[in-house]
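Each residue takes its place number in the sequence, starting with 1.
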Amino acid sequence: MPNTEARIDKWLWAARIYKTRTLASDACKNGRVTINGAQAKPSRSVKPGDEVGVKKSPITYTFRVKQAIEKRVGAKLVPDILENITTPEQYELLEMSRISGFIDRQRGTGRPTKKERRALDDFSDDAVPLFLDDFSFLDDDEEDEP
């Protein structure tokens, strides 16, 4: 007889949403996992019919529990365990972040990328004169006046 309830951290691991149970447990502790809209602790039970929300930056995945399991299953059996009900808007958000090329990096933090560094070098080479001798600060007319 299949279990009617399972711990959320074990279910997330068994359903292959997280690679390890420790990662699943940490996600629960950090408030990235919800069950039916309420934040879940790692020991919270999940049962068939519950909606589980998992925040993996930049989107929030939503799953409906079909079976409460605590033993990891093969990848081919995952559709028997859960139903992915994530909205298409979330996937559009994911695609937009992939197109932008900067995932989880705020502009101006850390070292510049190679492309940004080259753009900065080109800008600074064009903007700042290398030799001040090339520029005269006095016009020719001003030099003649006593």
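E70 contributes a side-chain N or O that, together with a main-chain N or O of R7, makes up a donor-acceptor pair within less than 3.5 Å. No donor-acceptor distance shorter than 3.5 angstrom exists from the side chain of E5 to the backbone of K47, with no hydrogens or angles considered. Counting only distance, with no hydrogens or angles, the side chain of R64 and the backbone of P48 share no donor-acceptor pair below 3.5 Å.
Here the closest non-hydrogen pair linking A15 and I81 is CB-CG2, 4.1 Å.
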Subject >> side chain to side chain contact (heavy atoms under 4.5 Å, CB included) between D9 and L12, intermediate numbers included >> reply: CA-CA 5 Å; D9 61 341; L12 290 169; 5.6 Å; no
**OP:** Could you please spell out the steps behind the side chain to side chain contact (heavy atoms under 4.5 Å, CB included) verdict for R72 and W13?
**Re:** CA-CA 7 Å; R72 196 162 173 104; W13 167 75; 3.1 Å; yes
Original post:
I35 and I8: side chain to side chain contact (heavy atoms under 4.5 Å, CB included), yes or no, with the steps?
Top reply: CA-CA 9 Å; I35 298 175; I8 186 66; 4.0 Å; yes
**OP:** Under the side chain to side chain contact (heavy atoms under 4.5 Å, CB included) rule, what do D80 and K66 come out as? Steps first, then yes or no, please.
**Re:** CA-CA 7 Å; D80 299 335; K66 287 184 174 179; 5.8 Å; no
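The shortest distance between side-chain heavy atoms of V65 and V52 falls below 4.5 Å. Using a 4.5 Å heavy-atom threshold, the side chains of K29 and P42 count as touching. Taking the side chain as every heavy atom from C-beta outward, R32 and C28 never approach each other to under 4.5 Å.
Here OG1 of T87 is found 4.5 Å from CD of E89. Values are rounded to the nearest 0.5 Å. Atom OH in Y91 sits 4.0 Å away from atom OG1 in T86 (nearest 0.5 Å). In this structure, the separation between CG on N30 and CD on Q39 is 10.0 Å, given to the nearest 0.5 Å. To the nearest 0.5 Å, atom NZ of residue K55 and atom OG1 of residue T62 are 11.0 Å apart. Taken from OG in S43 to NZ in K10, the straight-line distance is 11.5 Å, to the nearest 0.5 Å.
Hydrophobic clustering keeps L94 apart from I85 (ILVMFWY residues linked when any side-chain heavy atoms are closer than 4.5 Å, directly or through intermediates).
For the side chain to side chain contact (heavy atoms under 4.5 Å, CB included) test, residues two or more places apart in sequence or in another chain that qualify with K56 are I17, Y18, V54, Y61. Evaluation of the side chain to side chain contact (heavy atoms under 4.5 Å, CB included) rule for N36 yields D50, E51 as partners, not counting sequence neighbours.
Look at D121 and R117 and you find a salt bridge, because one of the NZ, NE, NH1 or NH2 atoms lies within 4.0 Å of a carboxylate O, short of that distance.
Around atom NZ of K41, no more than 12 heavy atoms belonging to other residues, nucleotides or ligands sit under 6.0 Å away.
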